[in-house]
Trainee: 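Right, I'll just put the structure down here and ask away after.
Quick note on labels: first sequence line is chain A, next is B, and so on, each numbered from 1.
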Amino acid sequence: MSTKRTLDNFFTPPLVSIKKRRLSVPDADELVACSVSHVPPSEHPTYPFAVAQLPAPLLAQFDYLPSADPRHIADQPDLDLLYYQPFLPRDLATAYFNHLRQSLFFYRVTYPIKRGPVETIIRTPRYTTVFGLDDTALFSSTGDAGSILDARTKQPVPSSAYKCRPRPLPGCLDALRRATEATTGRQWNFCLVNYYAGGADSISYHSDDERFLGPDPAIASFSFGATRDFLMKHKPSATETGLSSIEGAGKGAQTIARDKPLKLPLASGDMVLMQGATQANWLHSIPKRAGRDADKGRINITFRRALVRGGTENYYRYNVGDGGVFKWNEASQEMTPWDAKAKQDEDVKVG
DNA sequence: GACTATAATAGAA
DNA sequence: ATTCTATTATAGT
């Protein structure tokens, strides 16, 4: 039997009001919490291994975010972004990046896609992992740590309700979620994590406009580690296509200055909040890149809110899948298959 | 500025 | 939501 392993760490963190400036010295409880750092790692029956908590000195800095005011980007049709440049100070972002890469488990999902008559297996060109549960359900915080409750009735939902095994956010990600919610006034129940090992890893143009997110979803997207270009372009529209062809023949018709593609070089600690009509009308991508820095890793974290069970199923299907677990290998500086039996040694802590 | 190599982009499957 | 190929842009000399 395992020792007491409640989920309190996950869901009832000490709520601290966000304030730009600290007006008082830390009280006794805070001093204890900071110095001892005996908070156990986050565990859950669905985790392949426990996830280390953030070191207290790092966690403490989350009370002072964001470190910069956002820039509102809404000068084009259907575009509505808040760009925090950065949201986390660079030093904190770097330390957070190292902690996450070293502590989380990742997957390399494969899935079939049909191109014309041919079906091919796609190996997702990045590492992924996901945590969270849609609005219809809750993780039990007492009793069986693995159980899921109906959000309304608080009764256990049958295990057959989900084909996947939803997992709660570990403490180190929940800290960022709380800080982001406090800043934006929004709420999210999902955390998706992408690891781009180098310039060859990418994500092609798409929108996060799934039905299960509801209309005009707000999505917070963080960057840590290597700087990568974030491209955005307006979805092609019938009217636009027609206009452009006519415009070529017209005499004085200038190319209309709207719907211009955007290129944001997202640096470590940056956050982009995509909101309003953005997802319904714009595509975004992280294209492959060659040359310098093509070997440096980047972690992307997005917070989303799934409204129904279909969202949970979708996110676990495409971000966990059914393949093996990968873990960062500090010695070889790469993601390596994690062997559940031959429990690997812990990575050497940097610093 | 021209020439060449490499990178970025756009379109098709 | 990817990969391949062709086309265009950029960087270096």
Trainee: Output yes when A:Arg228 and A:Asp201 qualify as a salt bridge under the 4.0 Å nitrogen-oxygen rule, no when they do not.
Mentor: no

Trainee: Please report the C-alpha distance between A:Phe212 and A:Tyr315 in whole Å, then the side-chain angles of each, then the deciding distance to 0.1 Å, and finally whether the ring-ring contact (aromatic ring centres under 6.0 Å, His included) criterion is met.
Mentor: CA-CA 11 Å; A:Phe212 54 74; A:Tyr315 280 150; 5.1 Å; yes

Trainee: Roughly how many Å is it from CZ in A:Arg123 to P in C:dT3, rounded to a whole number?
Mentor: 10 Å

Trainee: Checking all strands, does A:Ile122 fall into the base, sugar-phosphate, or nothing category for heavy-atom contacts under 4.0 angstrom?
Mentor: sugar-phosphate

Trainee: Pick base, sugar-phosphate or nothing for A:Tyr318, based on heavy-atom distances below 4.0 Å to the nucleic acid.
Mentor: nothing

Trainee: Think A:Arg289 has a side-chain N or O under 4.0 angstrom from the OP1 or OP2 of B:dT9?
Mentor: yes

Trainee: Cation-pi between A:Arg309 and A:Tyr162: NZ/CZ under 6.0 Å from ring centre and within 45° of the ring axis?
Mentor: yes

Trainee: For B:dA7 and A:Lys288 - does any side-chain N or O of the residue sit under 4.0 Å from the phosphate oxygens OP1/OP2?
Mentor: no

Trainee: Tell me which nucleotide among C:dA1, B:dT9, C:dT3 gets nearest to the side chain of A:Pro125.
Mentor: C:dT3

Trainee: Take the protein atom CG of A:Leu192 and the nucleotide atom P of C:dA1, then report the distance between them rounded to whole Å.
Mentor: 10 Å

Trainee: Counting only side-chain heavy atoms from C-beta out, which of C:dA1, C:dT3, B:dA8 sits nearest to A:His206?
Mentor: C:dA1

Trainee: Tell me which nucleotide among B:dT9, C:dT3, C:dA1 gets nearest to the side chain of A:Leu231.
Mentor: B:dT9

Trainee: Output the rounded distance in Å from CD (A:Glu119) to C1' (B:dA13).
Mentor: 15 Å

Trainee: So with a 6.0 Å cut-off around NZ of A:Lys154, is the heavy-atom count from everything else above 12?
Mentor: yes

Trainee: Contact class for A:Lys233 vs. all strands (heavy atom < 4.0 Å): base, sugar-phosphate, or nothing?
Mentor: nothing

Trainee: Looking for any heavy atom pair under 4.0 Å, which part of the strands does A:Pro287 touch: base, sugar-phosphate only, or nothing?
Mentor: nothing

